[in-house]
Amino acid sequence: MGSYEVKKGVRMKNLQVSWMFRQIADLMELKGEPSYKARAYRKAAKTIESLPVSIEEYSRGDRLLELPGVGVNLARKIKEILETGRCSYLEQLKEEVPPGLLDVLQVPGIGTKTAVVIYRSLGITSLDELERQARAGKLREIPRLGRRLEEKILAGIEFVKRKDGRVLLGWARPVAEGLAAALREEPAVEGVALAGSVRRWRETIGDIDLLAASREPDRVMNFFTGLPVVERVLARDSTTSSVVVETGFQVNLRVVEPRSFATALQYFTGSVDHNLQLRRLATEKGFKLSEYDLEDADGGKVLIREEAEIYARLGLPFIPPELREGRGEIEAAIEGQLPRLVEPGDIKGDLHVHTRWSDGACEIEEMVEAARKKGYQYLAICDHSKSLAVANGLDEKRLARQREVIAELNQRYDDFTVLAGVEVDIRKDGTLDFPDEVLGELDIVVASIHTGFGQGREEITRRVFAALDHPLVDILAHPTGRLMGKRRGYEVDLEAVIARAAEKGKVLEINASPDRLDLSDVYVRKAVQQGVPVVINTDAHSIYALDDMVFGIAVARRGWCEKGDVINTLPVVELLEWLGGRRRGLK
DNA sequence: GCCGTTTTCGGCCCGACTGTTTTCAGTCG
């Protein structure tokens with residue numbers, strides 16, 4: 001029996017420190033301290049929250065000063081927070097500045113200056129107070145504010161209250177692609193591209209950003225705002241239009257001169273952090289990069305036809321949009337260490353789908369035909385196991401029958417392999433829903449949690465460990481169980497799960513279902529860094545959901561995955577060899 | 001408050017939009 005230790009709240013400390021630093025930054029600005037000081041705190045906050053290990057390790061080893069943006073002063077404050085859970089400087093600031101102003105600051109249209117002005121003139125220190133006074137028409141009476149800003153603030157308060165105004169990529173992306181296709185129909189349009197987070201394939205999207213090149217912007221804007229799907233036009237001029245489409249998304253279209261298209265695309269793709277770093281690099285190299293053009297040291301404009309030329313001019317290989325999150329991609333590019341990202345064409349099969357045998361909508365044969373049409377070499381049928389009664393989970397008998405059906409089906413194909421698998425439930429006590437003799441007969445075993453979401457961090461992590469330790473388990477499916485927009489995942493300690501998977505040679509799933517995308521990109525990167533292979537599965541419950549694969553691929557790419565990190569890029573012979581090897585190793 | 005083989009001092013991304021202003025500050029991406 002090995003020692004069991006859950007690294008409790010590994011990243012919580014990091015979040016605590018960065019959250020406090022962000023508060024300090026805001027409060028400093030409210031207090032009127034110079035902005036470069038506040039910026040220093042924000043920079044350190046960002047470093048710390050995206051640190052792959054606990055800040056405590058840096059503190060213990062007296063290595064805090066190694067962190068970019070952390071100097072003597074911030075190191076001292078970090079130590080204080082780690083040791084006492086408090087930060088006296090933050091507390092002092094809260095004495096000097098009403099902390100409620102931090103909420104006021106969340107309202108779009110209100111920055112630190114405005115927050116201070118409305119505080120000084122009306123004594124407003126909370127969102128509720130702000131809303132009352134705005135409704136009463138008091139804000140417009142303040143010098144330099146006015147009616148328009150008051151309206152904007154009221155709308156902003158609504159937005160903050162509605163909170164997470166983001167939608168799933170799985171909804172936004174098709175809308176964005178449809179609108180882009182529609183725009184290509186307009187003859188005045190010389191080029192169209194998705195930009196912003198939808199181009200970077202972020203898991204959720206605020207607004208959809210589109211970019212078009214045209215010499216006749218007004219014609220393009222007329223066409224765009226007149227599209228049948230456009231429900232409401234929020235704003236429009238000859239450079240930008242913002243509309244709400246019938247699905248409720250806000251879509252922004254920017255139209256630029258064709259010669260600025262590539263630089264604009266780079267700029268509007270973001271992320272902000274990526275662009276910031278790229279501009280800094282440009283400056284170092286004597287260039288000036290803006291959304292309009294790239295200027296060399298003499299102020300001459302460098303002709304840029306393709307986005308890749310921008311990177312090339314700065315001495316970098318092309319950085320795919322999925323990597324542009326300011327998570328070290330520019331450094332990696334400089335050092336020639338960018339990953340060769342996995343691509344859709346690399347995927348040879350899907351190792352987790354359902355059929356009507358449990359809660360799927362299609363027959364095995366339909367799923368297989370659909371997978372063949374996609375050019376796959378294999379498909380693993382992994383229906384639910386018996387304890388998941390709500391999903392019509394299979395018992396031993398039905399599972400055995402299903403295996404026979406699959407065996408018959410395999411007789412019919414010489415170009416396709418159907419794997420007999422199961423998505424076996426990890427029960428509340430960590431045991432699996434089938435005995436070893438049953439699991440041992442299958443080609444592949446996918447294990448996952450569907451019950452007992454309320455278990456504590458330690459308990460549920462131990463439960464996942466039990467599955468990872470089981471010799472017959474190949475894949476851990478949707479490792480956190482989250483359903484975005486519906487429920488949070490369980491409190492599993494993912495850092496520990498990744499380490500355990502590495503130790504036990506298990507595969508972690510990237511579930512491609514748009515509301516799961518579980519593992520998420522950051523953890524995918526951690527997993528592959530530690531040598532844990534991943535698999536991109538759709539968990540399809542119908543033939544249509546097989547198409548969700550792209551969203552999983554995007555997550556893998558955002559997690560810096562190369563083809564070799566993803567097991568369902570293996571051709572069928574090698575996949576079978578690999579699975580067989582695992583099983584032989586048991587004997 | 002941090003950072004640097006171009007600087008240990010003097011910088012810290014750049015540009016557009018908004019609203020209110022008569023020349024610009026504040027906010028945003």
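These values consider heavy atoms only, across backbone and side chains, with no hydrogens, waters or symmetry-generated copies. What you see is a predicted model; the values in this text were computed from it and never measured. Letters A, B, ... are given to chains in the order of the sequence lines, protein chains preceding strands, and every chain is numbered from 1.
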Figure out the CG/C1' separation between Leu67(A) and dC3(B), and round it to whole Å. 15 Å
Give the rounded distance in Å between these two atoms: OH of Tyr41(A) and P of dC3(B). 13 Å
Rounded distance in Å - CD1 (Ile24(A)) to C1' (dG1(B)): 12 Å
Closest-nucleotide ordering on DNA chain B, the 5'-leading residue of Ala40(A) and Gly109(A): Ala40(A)
For atom P, what is the distance between dT27(B) and dT21(B), given to the nearest Å? 16 Å
Atom CG of Asp273(A) and atom C1' of dC13(B): how far apart are they, to the nearest Å? 12 Å
Span that lies between the C1' atom of dT8(B) and that of dG1(B), in whole angstrom: 15 Å
Result for side chain to side chain donor-acceptor pair (under 3.5 Å) between Tyr41(A) and one of Gln23(A), Arg22(A), Lys77(A) points to Lys77(A)
Pair listing, side-chain hydrogen bond (donor to acceptor under 3.5 Å, both in side chains) test, anchored in residues 264-280 of chain A, at least two apart: Lys46(A)-Asp273(A), Arg199(A)-Thr269(A), Gln266(A)-Asn275(A), Gln266(A)-Tyr311(A), His274(A)-Tyr311(A), His274(A)-Glu329(A)
Kindly say whether, by distance alone, the side chain of Tyr292(A) makes a donor-acceptor pair under 3.5 Å with the base of dG15(B)? no
Taking OP1 and OP2 of dC14(B), is either one under 4.0 Å from a side-chain nitrogen or oxygen of Arg279(A)? no
Evaluate the side-chain proximity of Val255(A) to Thr239(A): yes if any heavy-atom separation is below 4.5 Å, no if none is. no
In whole angstrom, what separates Leu149(A)'s CG from dT18(B)'s C1'? 9 Å
